[in-house]
There are 2 protein chains.
Amino acid sequence: MPKDTAILDAALDLFETLSYGSTPVPLVAERAGVGAGTIYRYFPGKEGVVNALYQRWKQALAAAVVDGLDRSQPAALIFEGIWRRLCGFATANPAAFAFLETHHHGPYLDAGSRGIATDLDRSMAGLLAEWQRAGSVRAGDPQLLVAQVYGGLVGVTRAYRDRGTELPPDLADQTIEGAWNLLASPSNRRRS
Amino acid sequence: MPKDTAILDAALDLFETLSYGSTPVPLVAERAGVGAGTIYRYFPGKEGVVNALYQRWKQALAAAVVDGLDRSQPAALIFEGIWRRLCGFATANPAAFAFLETHHHGPYLDAGSRGIATDLDRSMAGLLAEWQRAGSVRAGDPQLLVAQVYGGLVGVTRAYRDRGTELPPDLADQTIEGAWNLLASPSNRRRS
DNA sequence: GCATACGGAATGAATGTTCATTCCGCAACG
DNA sequence: CGTTGCGGAATGAACATTCATTCCGTATGC
């Protein structure tokens with residue numbers, strides 16, 4: 001494994017269990033199987049590591065969600081697709097998903113990291129706004145609706161984590177009905 | 001203001017903006033208007049401060065939500081009451097609400113702090129389970145349903161915070177329809 | 001094909017800084 | 001005066017970062 005990847009993987013693990021502030025850089029190095037100084041060959045410092053980590057995964061998440069969306073389908077179907085990808089991503093990369101969440105606010109994140117985050121939010125809000133115009137999603141500030149559904153998924157993954165259980169493969173099935181009904185206008189709600 | 005309260009208030013502010021790990025104790029002291037040593041007269045140490053802070057506010061939240069619930073009302077009405085109190089609490093104490101969220105996972109929280117948190121979760125899940133038996137809430141693990149609705153509220157408050165805006169007084173009105181529809185069984189959904 | 005020399009990547013002990021905590025002297029009250 | 005509560009400089013540990021050194025793969029000369 002390339003050293004920079006080894007470093008990022010080790011950092012992900014440790015930042016998640018110890019929190020960023022309480023993780024010593026030398027410990028990251030040890031876990032990554034490199035010397036402490038090596039980290040500074042690949043990153044400008046500890047903050048550089050968090051930001052690289054954040055951007056790497058946020059971009060991966062954005063790609064996983066957006067890539068190959070067929071925008072011509074009905075809203076409920078597109079939403080289902082997005083939701084499944086989101087859940088798939090969280091299940092496949094639970095530590096990374098939790099990391100993105102926990103560090104959303106971090107004062108050490110730079111403009112680049114924040115930018116990626118808001119781009120994704122905005123493009124989701126744009127989609128919702130379309131659907132509102134088409135009458136399939138209920139009224140309300142689209143950004144807040146996005147925040148509310150997405151927050152729900154975050155809450156569920158956190159609950160599993162607190163419980164010490166892995167995310168189940170049918171996470172999407174368990175949560176999609178609620179998620180869609182939170183968004184849908186009355187006539188578009190799911191019956192099942 | 002009593003010194004211990006001043007210390008907790010200062011810590012709340014700083015932990016929220018700088019994160020726990022990066023907040024120096026002497027800075028908390030300065031902000032609280034006390035000497036650095038004084039903190040150690042009131043708390044066993046920095047961890048003692050976070051835990052006192054967490055417990056203080058989690059208890060306040062629990063009290064705000066549960067106190068004086070009339071369990072004989074229909075589910076939708078009880079839920080509305082709870083949701084309004086929750087939103088009221090978040091609006092009245094935005095920093096504390098955010099703090100409780102951000103530090104839910106903190107490795108520095110002790111058993112006492114975690115205990116309060118899970119008690120509240122469990123009592124909410126119990127309520128939901130009752131409603132499921134009565135047919136007003138859809139099927140599914142009640143703990144996960146709680147996590148999903150509550151996560152939604154957290155997401156919304158976070159969105160406002162990211163935006164730099166205060167939480168609006170009508171937060172509950174903006175979010176309750178979605179929240180209830182996420183939970184409700186088909187026949188109990190809101191039309192409005 | 002072998003020996004030698006070179007460059008840059010990697011290392012980890014050393015450095016200076018930052019921080020949680022302590023402790024001693026002062027002040028306020030009785 | 002004694003006692004109690006407080007302040008903030010002093011302390012020592014832990015940390016992020018640096019840098020003199022080692023190490024290794026490749027090139028060069030024989």
Enquirer: Using the ring of each side chain (for Trp, its six-membered ring), is B:W180 parallel, tilted or perpendicular to B:W131, with breaks at 30° and 60°?
Expert: perpendicular
Enquirer: Measuring from the side chain of A:R41 (C-beta onward, heavy atoms only), which nucleotide among C:dA9, C:dA20, D:dG8 has the closest atom?
Expert: C:dA9
Enquirer: Taking only the side-chain heavy atoms of A:T38 (C-beta and beyond), determine which of D:dC15, C:dA10, D:dC6 contains the nearest atom.
Expert: C:dA10
Enquirer: Of the nucleotides C:dC19, D:dA16, D:dA9, which one has an atom closest to the side chain of B:A36?
Expert: D:dA9
Enquirer: How is A:S22 classified with respect to the nucleic acid when contacts are heavy atoms under 4.0 Å: base, sugar-phosphate, or nothing?
Expert: nothing
Enquirer: Distance check: side-chain N/O of B:Y42 vs OP1/OP2 of D:dG5, anything under 4.0 Å?
Expert: no
Enquirer: Looking at the side chain of A:K3, which of C:dT11, D:dA16, D:dC6 is the nearest nucleotide?
Expert: C:dT11
Enquirer: Do A:S113 and A:D110 pair up side chain to side chain, a donor and an acceptor below 3.5 Å, judged on atom types alone?
Expert: yes
Enquirer: Can you tell me the distance, in whole Å, between the OH atom of A:Y40 and the P atom of D:dT18?
Expert: 7 Å
Enquirer: If we ignore hydrogens and angles and just use 3.5 Å, is the side chain of A:S185 paired with the main-chain N or O of A:G135 as donor and acceptor?
Expert: yes
Enquirer: Please tell me which of the listed nucleotides, D:dG7, C:dT21, C:dT11, lies nearest to the side chain of B:P26?
Expert: C:dT21
Enquirer: Find the distance B:I7:CD1 to D:dG5:C1' and express it as a whole number of Å.
Expert: 13 Å
Enquirer: Please report, rounded to the nearest Å, how far the C1' atom of D:dC15 is from the CG atom of A:L14.
Expert: 15 Å
Enquirer: Does the pair A:R163/B:D141 count as a salt bridge with the N-to-O cut at 4.0 Å?
Expert: yes
Enquirer: Output the rounded distance in Å from CD (A:E47) to C1' (D:dT17).
Expert: 13 Å
Enquirer: Picking from C:dA10, D:dG7, C:dA20, which would you name as closest to the side chain of B:K46?
Expert: C:dA20
Enquirer: May I have the distance from A:I39 (atom CD1) to C:dA10 (atom C1'), rounded to whole angstrom?
Expert: 12 Å
Enquirer: So do B:F43 and B:L8 actually touch side chain to side chain, heavy atoms under 4.5 Å?
Expert: yes
Enquirer: D:dG7 P sits how many Å from B:L27 CG, rounded?
Expert: 16 Å
Enquirer: Nearest whole angstrom, please: distance from the P of D:dC15 to the CG of A:L18.
Expert: 10 Å
Enquirer: Rounding to a whole Å, what distance do you find between A:F43:CZ and D:dT17:P?
Expert: 13 Å
